[in-house]
Amino acid sequence: TSGPGSRIVGYFQPMSVVKKYFKIASYAWHLPEGEREPEKTHKWTCCLRNAQEDDDLSTVVSKVVFKLHEDFTPRVREVLSPPFEVSERGYACFQLEVTVHFKDASAKPVAARHCLLLTQPESGDETPESSPAVAETMVEVAFVTVNPEWKQALTTTTPEPRTRSYPQLGERFADKEAEAAAALDAVLGKLRRRVERMRSSADTEARPAKARRRMTSQRGPCPRRAHGGR
């Protein structure tokens with residue numbers, strides 16, 4: 001009750017900020033010769049997954065909306081349950097928009113853009129069917145909440161029961177560090193050779209000019225001819 005001299009005692013839930021990282025990943029395979037069509041040369045899958053653990057996102061995510069290129073029908077695909085992914089066939093790279101909706105009403109949807117690649121950017125070569133071209137976009141979301149149940153859902157990892165049809169992180173990035181080091185060495189080697197060629201070319205062009213200057217200094221200045229009437 002309230003009245004003169006009385007106090008109202010309230011309980012306030014502490015506010016928490018929880019950061020969660022998601023990954024938008026796409027995998028594209030070059031179709032075998034017998035399955036290709038003029039506008040369907042590759043098959044691809046774009047999915048949303050947890051960036052830190054391969055866990056079940058259904059405790060946090062309510063739905064994922066994929067907005068594809070306008071050539072696809074329907075262009076907007078809503079996925080209401082895991083796996084949060086969409087698969088199609090096409091012939092060109094494009095940028096799609098992925099909007100993630102969350103189960104807690106206080107969490108606003110988050111939209112991000114992802115570039116779906118059909119070839120690896122470092123090589124540009126077509127990848128065989130067993131080795132997909134991979135593109136990934138990291139998405140960081142900061143959740144501000146006073147709901148302890150929502151906080152627990154954000155911080156609890158639940159193993160995903162489904163067997164994925166696309167490569168796992170460990171399978172794809174086991175030798176990534178060595179490959180990156182080798183690629184960097186190759187680029188540095190090309191740059192060094194290019195610089196050496198430029199220096200050699202500059203020295204070759206500078207030699208005739210130096211020789212002309214030496215000859216001029218040895219002859220001395222040209223005598224001036226007097227002009228006038230006889």
Side-chain angles (χ1 to χ4, degrees), residues 20-58 61 64-77 79 81-100 112-140 157-191 193:
K20 197 170 183 66
Y21 299 87
F22 300 91
K23 185 191 297 291
I24 303 171
S26 60
Y27 308 88
W29 293 264
H30 195 71
L31 287 172
E33 189 69 31
E35 298 183 25
R36 299 178 198 170
E37 300 178 16
E39 295 186 356
K40 294 180 180 179
T41 58
H42 295 73
K43 60 180 180 180
W44 55 261
T45 295
C46 185
C47 62
L48 178 77
R49 62 190 303 182
N50 191 300
Q52 296 173 318
E53 298 288 343
D54 194 19
D55 63 347
D56 183 10
L57 294 178
S58 63
V61 177
V64 179
V65 180
F66 297 87
K67 188 176 182 180
L68 309 182
H69 189 271
E70 57 185 9
D71 289 345
F72 292 94
T73 304
R75 183 182 184 183
V76 179
R77 315 285 178 90
V79 183
S81 60
F84 296 105
E85 63 182 44
V86 61
S87 298
E88 266 290 356
R89 295 189 176 195
Y91 67 96
C93 305
F94 67 95
Q95 190 176 74
L96 65 157
E97 183 178 300
V98 180
T99 304
V100 184
R113 292 187 177 275
H114 173 75
C115 186
L116 188 145
L117 303 177
L118 300 185
T119 59
Q120 294 293 5
E122 62 268 18
S123 65
D125 298 330
E126 295 289 351
T127 56
E129 185 178 3
S130 59
S131 178
V134 181
E136 295 178 332
T137 302
M138 294 291 296
V139 181
E140 176 184 348
T157 300
T158 304
E160 186 171 7
R162 193 179 70 88
T163 301
R164 293 183 179 274
S165 59
Y166 41 84
Q168 301 298 312
L169 286 174
E171 297 173 1
R172 289 185 284 109
F173 297 112
D175 300 324
K176 211 65 176 177
E177 185 175 358
E179 293 177 4
L184 180 59
D185 290 340
V187 172
L188 291 177
K190 290 181 180 179
L191 289 176
R193 290 191 293 270

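Quantities reported herein were computed from a predicted structural model and do not represent experimental measurements.
Residues Phe66 and Phe72 have side chains not in contact (no heavy-atom distance under 4.5 Å, counting atoms from C-beta outward). Within the 4.5 Å cutoff, side-chain heavy atoms of Leu57 are placed close to those of Phe22. Taking the side chain as every heavy atom from C-beta outward, His30 and Arg36 approach each other to under 4.5 Å. Residues Cys46 and Ile24 form a side-chain contact, since some pair of their non-hydrogen atoms from C-beta on lies under 4.5 Å apart. Residues Lys20 and Asn50 form a side-chain contact, since some pair of their non-hydrogen atoms from C-beta on lies under 4.5 Å apart.
For the residue pair Ser87 and Thr45, the shortest heavy atom distance occurs at OG-OG1, 2.8 Å. When all heavy atoms of Ala28 and Leu117 are compared, the pair lying nearest together is CB-O, 3.3 Å. Tyr21 approaches Glu140 most closely through the heavy-atom pair CE2-CG, 3.4 Å. Scanning all heavy atoms of the two residues, the minimum distance from Cys93 to Leu118 falls at SG-N, 3.4 Å. Closest heavy-atom contact between Arg77 and Thr73: NH2-O, 3.8 Å.
Taking a cutoff of 4.0 Å between a charged side-chain nitrogen and a carboxylate oxygen, Glu35 and Lys43 do not qualify as a salt bridge.
From Glu39, atom CD reaches atom CG of Asp71 across 7.0 Å, with rounding to the nearest 0.5 Å. Interatomic distance, Leu96 CG to Glu88 CD, rounded to the nearest 0.5 Å: 11.5 Å. The distance from the CD atom of Glu136 to the SG atom of Cys47 is 8.5 Å, given to the nearest 0.5 Å.
Partners of Glu37 under the side-chain hydrogen bond (donor to acceptor under 3.5 Å, both in side chains) rule, at least two apart in sequence or in another chain, do not exist in this structure. In this structure Thr41 satisfies the side-chain contact (heavy atoms from CB on, under 4.5 Å) test together with Tyr91, sequence neighbours excluded. Partners of Ser58 according to the side-chain contact (heavy atoms from CB on, under 4.5 Å) rule, which considers only residues two or more places apart in sequence or in another chain, are Asp56, Pro82.
Partner Thr137 forms a side chain to side chain donor-acceptor pair (under 3.5 Å) with one of Arg113, His114, Lys23 and no other, that one being His114.
At least one donor-acceptor pair closer than 3.5 Å links the side chain of Arg75 to the backbone N or O of Leu68.
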